[in-house]
Amino acid sequence: MLLKPENGALPIPQAEREKDGGRDGETQALTASQKEIPSPLLRETPKEDLSARREEGAEDSALTPKGARTLAARALARRRAYRRLDRTVAELVQFLLVKDKKKSPITRSEMVKYVIGDLKDLFPEIIARAAEHLRYVFGFELKRFGRKHHTYILINKLKPLEEEEEEEEEEEDLGGDGPRLGLLIMILGLIYMKGNSARETQVWEMLRRLGVRPSKYHFLFGYPKRLIMEDFVQQRYLSYRQVPHTNPPECEFSWGPRSNLEISKMKVLGFVAKLHKKEPQHWPVQYREALADEADRARAKARAEASMRARARARARARASDRAGICPW
Amino acid sequence: MEEGRAERRRRTEAPSHPQGGTRRAGVMTDVHRRFLQLLMTHGVLEEWDVRRLQKHCYRVHDRTATVEELEDFINNINSVLESLYIEIKKGATEDDGRPIYALVNLATTSVSKMASDFAENELDLFRKALELIIDSETGFASSTNILNLVDQLKGKKMRKKEAEQVLQKFVQNKWLIEKEGEFTLHSRAILEMEQYIRETYPDAVKICNICHSLLIQGQSCETCGIRMHLPCTAKYFQSSPEPRCPHCNDYWPHEIPEVFDPEKEREAGTSRANKRSLRSRQH
C-alpha cells in the first residue's frame, strides 16, 4: 500500500515507512510547508539538523517535481544512514553484554573489528550511545580503564543486595559460572590469608588437595591451568607477577583490580571462616584489615554520593535558569 | 499534536534515551533492569521462575509498588528493547508445553550468542548436531551419529572424547537436551534460533500445522504427513472424543497428551524430572 505521490516524488517502500511510523508520509508530502518533525536522532545532532533544513529550504523554493524527488531521495538516504547507525549501536550493545558475561575486558580494536567496521570514524558517537543504552536499559556503566584508555568493562550500577536478598537470588542456579567462581573465591581466600599475595606453588598445592591438577581436564573447570593463568588473569580477577630476587624465579598471585571492585576482603574472610567453621574474628590480623577495608569503601561511597548530589543540584540550577530564559517548550 | 506530546513525555521520562519509532516506549526502573540482568544470566526461564524473579526484583527495589501483571511488565520492557533489536520472547517447551521466556535477538540471525562462548570447532560441532536433529524424523540425533562427524569439523582437530565433553557443555548451557544418549534442541535454542534455522534449512525444516512455528519434536499424521507439536495437539484435540487430522480428516492415531496446567505442575514439584524421563516419545 504505497502512498500515492502527489507530485512525482519517489514512492517509499512500505516496510521502511512502517518502521518510521507516519513520519515518512509527512516528509514525502513536504512541499509548501516546513512541518517535517525531526527524528530524535536529528534532534540530538542539531548541527546536522540545521544543514539539512538549509538544504531543504533551498530546494524547496523550486517547488518542482524534481525538487520534491531530490528531497525525498535525500530524506531516504538520511534515514538509511541513521538506521545503519542505530543497528550498529544495537550490535555493539549486544557485543559488550556478551563479552562482559565472560568477564573479559573489551578493547576498542575488538569493537571496531567485530562490530563497527567502516563506521569507525563515528566510534565516539557510537560508543557514547551504546553506553547510554547500557546505563538506561540494563543498569550497567561502561567504564574505560587501562593505561592506553582503550579497554572497557561493564560495572553493575544496580544497588548491591542485602544479605537476605542475596540468599534469595543465590537460590537461582549460577549456571556454568558457579563452579568457576567458587574456585576463584578459594584462590582469593588463600591470597588474602597469606597476606595479600600467594606463591604460585602454594595455589597449586591447595588445588591439588582438592583433587584439581593444573593440566588435567576437570569436568567442572576445564583445564585449570588455563582457567587460572589465562582466563582469571585476563579478566583482571587475578594479578600474576614474578617475585624479584628469587632464584629459581618464582611467581605470585594477588587480587586483580576486578576482584577489588566486585568483592570485598570482609566477604572473602567470611567465606574462609565458614569453610573452617569459625568466626572471622578468629584471624585478628585479617579481620582488622577487612574492617579497615570496609571503612575505606564506605568513605569512598559517601564521597561518590556527595559529588553526585552536587552535580544533580548544579544541573537543576542550570535547568531552572534555562527555563527562565528562551525555552521553546 | 499527539505525537509531539508523546515525544515530550518520553523525553522527560528518559532524557537522553534515543528512540527510533513513534510508539511510546515504557519507562525503565531498577526493577526492570535487575529483571533483565537476571534473565540474561539464566538464558531461559520457565514462567513460574519468571514470576518469582519479577517479585524478587520488586522486593529489592520497590517494596511498596504493586507488582505489574507479567504480560504488561514484559511488554513494557520490550517497548524499550525495541530500539536495540532484542526482545523478551515467550515460547513453550515442545515436550509438555511449559511456557518459557528468553531474551532473543531480532536482527542477527546467526548462532551469534553462542559464538563468544565456544571455539570454532565447537560451534561447528553444534551446527552438525543441529543439522542431524533437523533432518531426523524424531527430532533427536544419537550421540554416535554426532560423534562420527568429528573428523569433518572446521578449526582445530577434535577427538571424540573431547567432543563428548563439548556436547555436555551444550547441555549445561541450555542449547541441547540429552535423553537416553540422544540429543535434541533445548527450547532456548528453538526460541533464539528459529529464524536462523528457517532461513538456513528451508527445505529440511518442519513446521507445526497448528501454530506454524518451527517443529523439532511432535506428532505426525500417518496419512498426509502434517505435523503438530505435542502441546498443540493437546490444545487442539482437547474436547474431541474422536481426534481427526485437521488436514485429511483421517483418524489421528497417537495418544493425545494433556494440556499443560500450571497448578498441577507446582504440586508435582520435584517429581517433574522423573515424569519427563518416564514419558514415552510420540514417534
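Proteins get letters first, then strands, A, B, ... in listed order; numbering begins at 1 in each.
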Participant: Are there more than 12 heavy atoms of other residues, nucleotides or ligands under 6.0 Å from atom CD of A/Glu305?
Facilitator: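 Count over threshold, so yes.
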
Participant: About how many Å separate CD of A/Glu91 and CD1 of B/Ile86, when rounded to the nearest 0.5 Å?
Facilitator: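 Taking CD1 in B/Ile86 and CD in A/Glu91, the distance rounds to 12.0 Å.
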
Participant: Which atoms form the tightest heavy-atom contact between A/His133 and B/Ser83, and what is the distance?
Facilitator: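 Answer, listing the atom of A/His133 first, then B/Ser83: CE1-OG, 3.9 Å.
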
Participant: Has B/Arg198 got more than 12 heavy atoms of other residues, nucleotides or ligands less than 6.0 Å from its CZ?
Facilitator: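 Count over threshold, so yes.
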
Participant: To the nearest 0.5 angstrom, please state how far the CG atom of B/Leu84 sits from the OH atom of A/Tyr136.
Facilitator: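 Those atoms lie 11.5 Å apart.
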
Participant: CE/B/Met28 to CZ/A/Arg135 distance, rounded to the nearest 0.5 angstrom?
Facilitator: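 Interatomic distance, B/Met28 CE to A/Arg135 CZ, rounded to 0.5 Å: 11.0 Å.
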
Participant: Of the non-hydrogen atoms in B/Gln37 and A/Phe138, which two are nearest, and what is the gap between them?
Facilitator: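 Closest approach of B/Gln37 to A/Phe138, heavy atoms only: NE2-O, 2.8 Å.
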
Participant: Is atom NZ of B/Lys89 surrounded by more than 12 heavy atoms (other residues, nucleotides or ligands) closer than 6.0 Å?
Facilitator: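 Yes, the 6.0 Å shell around NZ holds more than 12 heavy atoms from other groups.
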
Participant: Just verifying a value: how many Å separate A/Asn156 CG and B/Arg34 CZ, rounded to the nearest 0.5 Å?
Facilitator: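 Answer rounded to 0.5 Å: 7.0 Å.
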
Participant: Is it the side chain or the backbone of B/Leu81 that comes within 4.5 Å of chain A heavy atoms, both, or neither?
Facilitator: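 The answer is the side chain of B/Leu81.
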
